[in-house]
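See structure below.
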2 protein chains.
Amino acid sequence: MKYNEAKDKFIQAWGTLGSSWGISRSMAQVHALLLISPDSLSAEEIMEDLKISRGNANMNIRDLIDWGLVFKEQVPGERKEFFSAEKDIWKVAKQIIKERRKREIEPILTLLEELKKVDGTKTDKKHKAFIDTITNLESVVDKADFALTRAIKLDENALVGVLFKLFK
Amino acid sequence: MKYNEAKDKFIQAWGTLGSSWGISRSMAQVHALLLISPDSLSAEEIMEDLKISRGNANMNIRDLIDWGLVFKEQVPGERKEFFSAEKDIWKVAKQIIKERRKREIEPILTLLEELKKVDGTKTDKKHKAFIDTITNLESVVDKADFALTRAIKLDENALVGVLFKLFK
DNA sequence: CTAAACTTTCAAAATAAATTGAAAGTTATT
DNA sequence: AATAACTTTCAATTTATTTTGAAAGTTTAG
């Protein structure tokens, strides 16, 4: 397989994959392109390579910067901005976990806390089932939160150690 | 907060949440409704409660069954089918992890394995960067796969034990 | 076997999300 | 201060996803 073929395959597959993670195709593709680029790229180059519009490129680059997955770089003698991706995949994974935890787990916990306050008596079947579900959900989500919060503080080697200890 | 208010809030929030996990709003809402229902519900009741069409209800119930989150139940004397959700949230979480692992992690590993075969020389910067990225990705995804595969074999209490050992 | 009860399918319609591109906004250079 | 280089915004458009609902299919009861 030729380099260009492999590159296109990776970018396109990463784009498809992104969709199932709630990340837009373009954002995933910009990320993929920067991940495999040895040098930082300008918005112009990204647009041309991926055949996407200026607006799209700009928006997705900004989002990737917000996610902490891409950095702005200053190239001496060049006026325009260049961008490069975080290449340490473990850091990338941690960043993604961190962002999703903040965006998804925190709101669930807030919601569940709120919903526990529902009025009702213990003898009402529906009320009981509701409280049970909310309580059990909270317990599981709390544990996931705990695990993820700790995981993003580990380095990759420590994680490996932990995994082996855990599932020996 | 009244029961009905809390119920609606939960169903609506679960629907919204589902979206960010690549699950359609209706599917998440059907799941939420069944999760808090003490009794199993017919397709008819689900349609009416959530104000969704027959086809939509049917499709999403089937999908939830495929995911192993909902079961068909036979009610004596009734001809139509009734449905109920798995109420053990740890089992629910494990099912979701299991399905997503199969649908998302397996294809990535296949892709990365394939992409390692790219032609090229070690002196080519682009080729080297590509191989590095693919290799590092594979290493991280492999570890995630290992951790998830093991996690879905644990029961909830064992998981708690493991978490404490891990992050003492 | 036939009709009624119920379930599934799927093309069309509705909705939601992503993308474009040109105009407006900024910043640096002379 | 004027202009060129570059970045951002956003309304309009395109594309993708979800939902509908009526028709077709299936199963059970009589």
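Being a predicted model, the structure only gives us computed values, none of them experimental. Each chain gets a letter, A, B and so on, in the order the sequences are listed, and its residues count up from 1.
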Checklist entry - B:Ser26 side chain N/O closer than 4.0 Å to the phosphate oxygens (OP1, OP2) of D:dT19? => result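 For D:dT19, OP1/OP2 do have a side-chain N/O of B:Ser26 under 4.0 Å.
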Proximal nucleotide (of [options]) relative to the [X] side chain:
X	options	value
B:Arg54	C:dT20, D:dT7, C:dT8	C:dT8
A:Ser24	D:dT19, C:dT19, D:dT20	C:dT19
B:Asn58	C:dT20, C:dT7, D:dT19	C:dT7
B:Asn60	D:dT19, C:dT7, C:dT19	D:dT19
B:Glu81	C:dT19, C:dT8, D:dT19	C:dT8

Tell me: [atom1] of [X] to [atom2] of [N], nearest whole Å?
X	N	atom1	atom2	value
A:Ile46	D:dT8	CD1	P	12 Å
A:Arg62	C:dT26	CZ	C1'	12 Å
A:Lys51	C:dT20	NZ	P	12 Å
B:Met47	D:dT19	CE	P	14 Å
A:Met59	C:dG25	CE	C1'	18 Å
B:Trp21	D:dT17	CH2	P	19 Å
A:Glu45	D:dC6	CD	C1'	14 Å

Counting heavy atoms not belonging to [X], are there more than 12 under 6.0 Å from its [atom1]?
X	atom1	value
A:Lys143	NZ	yes
A:Lys87	NZ	yes
B:Arg101	CZ	yes

Item to check | NZ or CZ of B:Arg100 within 45° of A:Trp21 ring axis and under 6.0 Å | outcome: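 Cation-pi check for B:Arg100 and A:Trp21: passes.
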Checklist entry - Start at the 5' end of DNA chain D and walk down; is the nucleotide closest to B:Asn56 or to A:Glu44 reached first? => result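 Looking at the nearest nucleotide for each, A:Glu44 comes out on the 5' side.
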Next on the checklist: Between A:Val140 and A:Leu137, is there shared hydrophobic-cluster membership here, with clusters defined by ILVMFWY side-chain heavy atoms closer than 4.5 Å?
Outcome noted: yes
Next on the checklist: For a quick check, tell me whether the side chain of B:Arg79 and the base of D:dT27 share a donor-acceptor pair closer than 3.5 Å.
Outcome noted: yes
